[in-house]
Amino acid sequence: MTAQGRDPAEAAGLLARLADLVVAMDVEGVRREAEACLAAGLSPTRVISEGLSAGMRSVGEKFKAGEVYMPEVLVSCDVYYKGLEAVRPHIVPSDGSVSRGKMILGTIHGDIHTVGKDVAVPVFQAAGYDVVDLGVDVSDDAFVDAIQRHRPDVVGLGTYMTSTFMHAGATVETIRRAGLRERVRIICGGPAVDPAAARRMGADDASDDAWEAVGKIGRLVECLRAGAGRRAS
Amino acid sequence: MSKVVDEWMGRLKGKLKPVGEMTHWERMAAAFELKPTDMVPVAPELDYWQITYAGYTHPEIYNDVDKTTDACIRTWADLRTDAIWMYVDISHQIEHFIPAEKRPEHFIHRGPNDYLLFKPIAKTLDEAIALYEERTFEKYGPGSRPATHYTPHMLQLLEFQEKMDRVVPIIVGIGTPSNFAETIVEVQKFVRWTITEPKAKLKHYLDLALGERLEALDFYAEHARKNGCEFVCLFGGARTWGPKQLEEFGYADKAFVDKAVKIFPHVFWHICGHNLPQAMEALTRWDGIQAVQYDMPYYSQKLSWPEWFESVARLFAGKRCAMNAPTTQLACHGTAAEVKAMVRQFIECTLPHTTAVIMPGCEIDSFSPLENVKAMIDTAREHRS
Ligand code: B12
Ligand SMILES: [Zn+2]
């Protein structure tokens, strides 16, 4: 009998153990436990959302509470990815997995800060978004290409310094000139961002906290879908 | 003897109106020594901003030492801050680790007002260790920008300091072992390795970085201190470490401080970002540091700005001079009134406990409006300490 059909407490136990391993930064353990969850018949979607992603959420809570620090967060992110690697091949389209939206995210040209992006991407994935990581030092044209290729709802601009944040306007303008501005919502992230300044530059929002940004991204996606192309004011 | 300095001497020597009762130098030294000052000193790290202010672009000054020095002195002559920070960019710090033909790929200019972008030098811990063990920095040193740009610029400014009879101090910036160990491989890698790599191996790497930095201090003793340098900013790395990392790997920066404070009379530490409380405490224990340029409260500390300023001032009471305000972000995106308010808040929360120097926690961004920089300076000038 599968864990789905078996005792729900047992399934919950398996998933909780998997989440704990993300927090404990246990690479080997995560792979083994993720496979054990699948072998017990839990769906890949549940393994991701209630196991791995739940682990990432609790890493965020512990980080904010000062129980773990940036090095642990980064290694937990890596462990989360190792878990995803084990589970992804088992996902079948009929699995019922629903993405809350698609996002592309990259560090804007001229900026090499990556720690923030390395944390933000798995946090957004764990929150249910399908995120394409474009990497660092991404040119404006590369953002345009990625919008055409991946058709995201949201474009995340990693802008970790004031000077690169101030270039968000140029990136938005390039996206607008390519005729793609109405198709997407744009959010800036990094320690030096300012939501009002981001809007002045033509983006839709900004956040210096990935966990807070999850809410903002949700609102942007809703807005995009409701407005059928019209930009949020 | 340099022409650019002599030109400025002709324009400035004997012609400057005093600002307050103390000289800029006396004001900075007194604040560092926790003594009263006629006004709260103001010494923002102007780096790239002053290049733009002086009418140059970064690509333009990149290969021109005289223009770099000219920008620093010109900005000071207009604004009369209490110190002149020498201009430092990342190529000044790491180019001597890179062979000449590879340098162009490592440094990229984005635009006229932008920071220099750099690519890491080593990808793995083994590669990074080899860089040091093979003493690449020695091999590639001559002809690299630390020798051809950083040092001549520093010497020009120190010449200006001395010829101006030490009315204003030059601040020389020096990277610490943690800063170098991280920059060479990229911070995010180093930080992960503190958990994933064998401790002894990472310590070996850090020891090599420490060794190079201690040798660098001999160079600074010979070329900076002997030419009059007294004020030094130690640029700390380790800004994304947790308490465990600090405990296990903080020894390298501590050993570096021990040597630096024996060479220079006025040493301060630069800790930008979200400041780990344990790191702030360590900086009050590491003997000889006189002041700390700090930044934002740690993520888990739910503090308002006044609460944060006051908590640091209490921690520093009788031990360290506190340097902050406004934030780099506010200096760029805020209004002059907001800048003024934040500087006032910082001064009011700090002075009951210790001395203060006005400067953002990191360099002023080159897009920051002039009126904001002026608002910061004017507000400092209103306060006696
Ligand atoms: C570590 C660090 C470095 C490392 C970067 C290593 C790396 N590979 O990433 C090194 C030493 C190389 C470095 C270099 C420089 N740095 Co630096 N650096 C930092 C520091 C201390 C921490 C950054 C960090 O990793 N934070 C931890 C992460 C997790 O936080 P985060 O980036 O904010 O990300 C969070 C959120 O913003 C959000 N998020 C992240 N991405 C995204 C994306 C989207 C779309 C969304 C919605 C949210 C989001 O999620 C994350 C979790 O909550 C910051 C200070 C700070 N306050 O953060 C300065 C800081 C970013 N650096 C700064 C500067 C100036 C520089 C240099 C120019 C220094 C110099 N003179 O050479 C160079 C830049 C070179 C270049 N061209 O890029 C300044 C920028 C100042 C400004 N306002 O412009 C800062 C802010 C320091 C300061 N207080 O002034 N730096
Ligand atoms: Zn800094």
Side-chain angles (χ1 to χ4, degrees), chain A residues 24-27 60-79 107-119 136-137 139-140 159-167 169-170 190-201 206 208-212, chain B residues 48-49 52 58 90 108-120 182-183 186-196 238-246 249 272-274 276-278 295-296 298-302 327-334 360 362-368:
Chain A
M25 305 177 289
D26 185 342
V27 181
E61 281 154 23
K62 285 182 185 299
F63 175 66
K64 295 205 151 187
E67 291 168 32
V68 301
Y69 297 85
M70 200 47 74
E72 289 84 10
V73 172
L74 281 167
V75 177
S76 283
C77 290
D78 294 345
V79 170
T107 298
I108 200 169
H109 175 45
D111 201 325
I112 54 148
H113 292 88
T114 58
V115 180
K117 182 179 69 57
D118 290 356
V119 174
V136 290
D137 194 21
S139 71
D140 295 346
T159 53
Y160 301 98
M161 298 184 294
T162 307
S163 67
T164 45
F165 174 56
M166 298 301 274
H167 289 304
V193 299
D194 178 271
R199 290 189 198 103
R200 278 199 298 277
M201 288 187 286
D208 61 0
D209 177 332
W211 292 275
E212 173 213 65
Chain B
Y48 288 64
W49 186 88
T52 317
H58 297 133
I90 192 78
I108 301 156
H109 290 275
R110 168 161 186 161
N113 292 342
D114 284 291
Y115 295 112
L116 190 63
L117 179 66
F118 72 100
K119 305 261 157 88
E182 290 184 335
T183 303
E186 286 203 306
V187 172
Q188 79 276 17
K189 281 199 181 140
F190 185 93
V191 170
R192 282 174 166 99
W193 292 343
T194 63
I195 294 174
T196 58
R239 293 167 298 167
T240 48
W241 293 9
K244 245 191 240 135
Q245 283 72 19
L246 201 64
F249 304 104
C272 64
H274 294 84
L276 186 73
Q278 291 87 339
D295 200 346
M296 301 177 261
Y298 199 68
Y299 304 95
S300 51
Q301 290 177 299
K302 312 267 180 292
T327 58
T328 309
Q329 284 80 299
L330 192 72
C332 186
H333 302 303
C362 200
E363 62 222 57
I364 298 259
D365 190 83
S366 54
F367 290 90
S368 308

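Note that these values count all heavy atoms, side chains included, but never hydrogens, waters or copies made by symmetry. Convention: sequence-line order gives letters A, B, ...; per-chain numbering from 1.
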Chemist: On the 0 to 90° scale, with breaks at 30° and 60°, tag the B/Tyr298-A/Phe63 ring pair as parallel, tilted or perpendicular.
Modeler: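 Correct class here is perpendicular.
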Chemist: When rounded to the nearest 0.5 angstrom, what is the spacing between CZ in B/Phe190 and CG in A/Leu74?
Modeler: 13.0 Å
Chemist: Between B/Ile108, B/Ile195, B/Thr194, which residue shows the highest count of heavy-atom pairs closer than 4.5 Å to chain A?
Modeler: B/Ile195
Chemist: What part of A/Phe165 gets within 4.5 angstrom of chain B, counting heavy atoms only: side chain, backbone, both, or neither?
Modeler: side chain
Chemist: Identify the heavy atoms of B/His333 and A/Ala192 that sit nearest to each other, and give their distance.
Modeler: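 Result for this residue pair: NE2-O, 3.5 Å.
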Chemist: Please list, chain by chain and in numerical order, all residues satisfying side chain to side chain donor-acceptor pair (under 3.5 Å) with A/Asp111, sequence neighbours excluded.
Modeler: A/His113, A/Thr164
Chemist: Do you know which of B/Leu116, B/Thr240, B/Thr196 has the most heavy-atom pairs with chain A at a distance under 4.5 angstrom?
Modeler: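 The candidate making the most pairs under 4.5 Å is B/Thr240.
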Chemist: Enter the distance from A/Asp78:CG to B/Arg192:CZ here, rounded to the nearest 0.5 Å.
Modeler: 4.0 Å
Chemist: May I ask you to test the A/His167-B/Phe367 pair for a side-chain heavy-atom distance under 4.5 Å?
Modeler: yes
Chemist: Can you find a heavy atom in the side chain of B/Val187 that is under 4.5 Å from one in the side chain of A/Met70?
Modeler: no
Chemist: For the backbone of A/Pro191 and the side chain of B/Gln329, can you confirm whether one donor and one acceptor N or O come within less than 3.5 Å of each other?
Modeler: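 At least one qualifying donor-acceptor pair exists.
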Chemist: Checking A/Ala65 now: which residues fulfil side chain to side chain contact (heavy atoms under 4.5 Å, CB included) with it, not counting sequence neighbours?
Modeler: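 A/Glu67.
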Chemist: Among the options B/Gln301, B/Lys119, B/Gln188, pick out the one with the most heavy-atom pairs lying under 4.5 Å from chain A.
Modeler: B/Gln188
Chemist: I'd like to know which of B/Gly242, B/Cys332, B/Ser300 tops the heavy-atom pair count under 4.5 Å against chain A.
Modeler: B/Ser300
Chemist: Answer yes or no: are there more than 12 heavy-atom neighbours, outside B/Lys244 itself, under 6.0 Å from its atom NZ?
Modeler: no
